[in-house]
Amino acid sequence: MTAVLEVCSVSKAFPGVQALREVSLDVCAREIHALVGENGAGKSTLVKILSGLYAPDEGEIRLAGRAISHFDPHAAGRLGVAVVHQHIGLFPSLSGLENLFAGDLPTTHGRVDWRRMRAEAQGLLSELGIAPDLSRPVGELSVAERQQIQIARALRRKSIILILDEPTAALGDRESAALFALLQRLRQQGLAIIYISHRLEEVSRLADRITVLRDGEKVGTLEAAEADRARIVAMMVGKKGTPYSFPANAGGEPPPRGEMSMVSPFFPPLLQVRDLSVNGVVKGVSFDLHAGEILGVAGLAGSGKEELVRCLAGMTRARAGRIGAPEVTPQVPSPATARRLGIAYVPGDRHGQAVVTGMNVRENTTLSVLRDLSTLGFPRRSDEEALTERMVADLDVRAASIEQPLATLSGGNQQKVAVGRRLASRPRALVLEEPTQGVDIAARAGLHQIIRNLANEGVGVLLVSSDLPEVLALSDRVAVMREGRIVATFTGEEATPESVMQAAVAKSGTPYSFPAMASRHDRASRQEMSMVSRFFRLPMREAALAAALAVLAVVLAVRDPAFATPQNLLGVLVNSSHLAICAAGMTAVIIAGGIDVSIGAMLATICMLMGMMLQAGVPTPLACLTALLAGLLMGCLNGALVSRLRVPAIVATLGMRSIWRGVAMKLTNGDWITDLPRSFERLGEGGVLGIPYPVLIAAACLAIAALVLGHTRAGRSAYAVGDDRAAARAAGIRPVRTQFTAFAGLGLLVGIAGIVYATTNPPIQPNAAPTLELITITAVMVGGTNVFGGSGSILGTLLGVLVLGVIANGLTLAKVDDFWAQALQGALILAAVMADIVRRRLRRTGGGAS
């Protein structure tokens, strides 16, 4: 067979770590080539090199016979390399549909073709046999649905090689079976596939050849026919007589159950759950968790098992039901209730909830027990180090030191730290969601032994895992969920793969089988539900803001009839025009993950420069064109500092603010510019059909900004970059270019705003618009744009501008001191931020609109 991909003596080193050392392998067309190894063996590093995220230090990559020294993710995609990364990939604030096409949005005449996207997505998902809700933000979907979208995104591109890094880590058996069938079809069609998994049963089932890595080096490549499990394990760990006792799903026997693990009346329940219901997905669930017991919860994706454990930990709000213990009055589940009951929860969403990647190993491990390790509020460093060293040794965390940043560890080692952090609190009840997801065989066996030891010490363990052999190997009892209810409970001896799956998928007597894909009726129903969902998923924040604006206007009109006169209302619009133009650009910058606090100084400098040219007799059109170019250049300078030199946006623009204020003062030595040409003044006085030019200009700028952000590749890329910069880069989006473009666009709009401001606020002053930055950011945040990036809309920003304009006008009519106007602006910023926090919290706990 022809080698599609050749890796030739590739090496890669990081500070203190040799990740890869002269690794070579080849992958042929019509082949599934498995790549296995313990955590830290170098698999993920090799994948990132092949996807263009890393450049090799030495060696060569050949693709279809062509030598590629280095290429970025965008180029890799064009060359036919499709990658499903273990973690990097999705944008929580964007819809599933946009995530599916991220980095490759189809356009027609420059606009995103949404209809074509939906049609192509429907066909692709039908082929895959999956049905995630593409109309919802990915952040609201389950881990399994997110993984499905990530796989579908990689497969929709015309690729010659597909690389999957732990693709079934968050999938249930049905979803995994559908994926395996698809991979077999893709192989028959000529695709070359690299498959990375810690689940050796998957590797044995799928692979034609298996390459084993250990400590960054290639140990060997085996034909699947000669690669028995024991031989693969020995090659991975580097010795035949491994000290680990592998669980059943890894080729050995599960750890023996201790005496305390056997549930009996002598061991009272540690945790009592009664009639628990969650948001329609968990329906009246009741069970007891005993001391020393491991209670496994099995079920297919969507059965409600993930929502159940998240509710017990207080992460999801319960609609009904109580949890308690014999000595504690039953209470509504909440984080405080979980602490009182001694419940420790290890989330399945590792990067989103389980660890803090910006901290190091020590800080992550001790984060939950800092109070116990502190004196007068100051952590005792020696105790922190001792606890972390013990957890690192017990869990076999592969780290250069306990001070190593967690983000530099492999996925499996990050998972060990996540488990260790919860174990540090010595919980009475340990709730584990996918505890060995992305963990290698040796570490998995070690974690299993630790879980069993905890049970033997009297800790109650609630285990939720999509890996059914893991549940069967560890559990004393197995509760099976289907459609939000516990439909069967088996003892450890009664629980078999057949009995559990029979209960999980169908009523008694109904044969179990893996469907190849969703039925046509199911797809039609799902499409109908999505249409209904899209109808009701109107911009509720914007609607609420519009209602508040209307109420505010009515109140002001009743209090002072002068407010409601046409002249006054038109004056509000004119006075808000320059603010609306700047706010449109600021919305794009914040969405892309930046911020600009220099726009007031930029506007003042532009106005002074334009005024000097007009006084010197330069024609008005040329002076206005100069203003636009000056604004564009200023925006490009800010963009270069932030995106290319990676100066923090607040630092870069704060520095430029001082510079431009100084320039504005120096241009005329502080003098005002008066006696502007009549042709220029008419720009602020004239209009069309009674609508002033400044209002028309602002409306045009807002409309164009809304079109660009909502319906062009550049605009949608800004949302992706602000949501997750690393994921955007992995998807082939260029974050540097995207953020630079946003700042440049803001500069151009500030140039337009400068023209409008100068015509409506004569004479031109060097200290013009002293608070423009604060007012603009306030309007954008009140309008619903997330200050951390990734979400927002021009409609919301327009409403925010109008709210501020109406309030300012009302305060002026009421002759309120300027101090209160500024205080109100600060209060509005705090209110907007708090509204975002509450909305995210409600969404996370199930109390918000979906």
Side-chain angles (χ1 to χ4, degrees), residues 47-48 51-53 71-108 110-125 128 130 132-141 143-159 162-165 167 170 351-352 588 591-593 708-739 741-742 786 788-792:
V47 168
K48 289 178 180 178
S51 64
L53 290 173
F71 46 91
D72 60 22
H74 185 75
R78 286 190 286 103
L79 291 170
V81 179
V83 184
V84 177
H85 293 281
Q86 186 175 352
H87 300 296
I88 301 174
L90 298 181
F91 311 101
S93 297
L94 301 186
S95 69
L97 183 65
E98 284 192 77
N99 272 275
L100 186 61
F101 288 84
D104 189 28
L105 297 176
T107 59
T108 300
R111 297 186 60 183
V112 174
D113 193 334
W114 300 102
R115 178 177 298 179
R116 176 180 160 193
M117 286 170 62
R118 284 190 287 269
E120 185 177 335
Q122 183 179 357
L124 177 63
L125 297 185
L128 297 180
I130 56 179
D133 188 350
L134 297 183
S135 66
R136 296 175 61 190
V138 160
E140 298 179 8
L141 302 181
V143 175
E145 287 179 303
R146 282 179 254 169
Q147 185 77 323
Q148 291 171 359
I149 291 174
Q150 193 176 11
I151 293 171
R153 186 174 75 185
L155 294 176
R156 65 165 290 270
R157 299 183 177 184
K158 302 300 182 183
S159 306
L162 174 65
I163 304 173
L164 300 103
D165 190 1
H351 279 199
I591 284 174
V708 171
L709 280 175
H711 300 282
T712 67
R713 284 183 178 175
R716 304 319 295 175
S717 295
Y719 283 93
V721 170
D723 214 349
D724 190 326
R725 188 183 181 96
R729 186 166 182 264
I733 296 170
R734 293 183 171 87
V736 171
R737 177 188 297 179
T738 299
Q739 205 168 46
T741 301
N786 187 340
F788 300 108
S791 65

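In this structure, Ser135 and Ser95 approach most closely via the heavy-atom pair O-CB, 4.1 Å. The two residues Gly790 and Leu94 come nearest to each other via the heavy atoms O-CD2, 4.5 Å. The heavy-atom pair separating Arg729 from Gly52 by the smallest distance is NH2-O, 4.0 Å. The minimum heavy-atom distance linking Ser93 with Pro137 is given by the pair O-CB, 4.1 Å. Here the shortest heavy-atom pairing between Leu100 and Ala121 reads CD2-CB, 3.5 Å.
One distance of note links CD1 of Ile149 with CG of Leu124; it measures 11.0 Å at 0.5 Å rounding. In this structure, CE in Met117 is found 11.0 Å from OG1 in Thr107, a value given to the nearest 0.5 Å. Between the OG atom of Ser791 and the CZ atom of Phe91 there is a distance of 14.0 Å, given to the nearest 0.5 Å. One finds the CG atom of Asp113 at 9.5 Å from the CZ atom of Phe101 (value rounded to the nearest 0.5 Å). Taken from CG in Leu125 to CZ in Arg156, the straight-line distance is 11.5 Å, to the nearest 0.5 Å. Remark: Asp104 CG to Arg713 CZ distance equals 6.0 Å, nearest 0.5 Å.
Side chain of Asp724 to backbone of Pro92: no donor-acceptor contact under 3.5 angstrom is found. A donor-acceptor pair under 3.5 Å links the side-chain atoms of Arg146 to the main chain of Leu141, judged by distance alone. With hydrogens and angles disregarded, no donor-acceptor distance shorter than 3.5 Å links the side chain of Gln150 to the backbone of Val84. Side chain of Arg153 to main chain of Asn99: a donor-acceptor pair is present (N/O by atom type, distance under 3.5 Å, no hydrogens or angles). The main-chain N or O of Leu709 is found under 3.5 Å from a side-chain atom of Arg716 such that the two form a donor-acceptor pair.
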*Would you check, one step at a time, whether the test side chain to side chain contact (heavy atoms under 4.5 Å, CB included) holds for Arg725 with Val736?*
CA-CA 9 Å; Arg725 188 183 181 96; Val736 171; 3.7 Å; yes
*Does the pair Leu53 and Val83 meet the rule for a side chain to side chain contact (heavy atoms under 4.5 Å, CB included), with working shown?*
CA-CA 11 Å; Leu53 290 173; Val83 184; over 6 Å; no
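Surrounding CZ of Arg737 are at most 12 heavy atoms belonging to other residues, nucleotides or ligands under 6.0 Å away.
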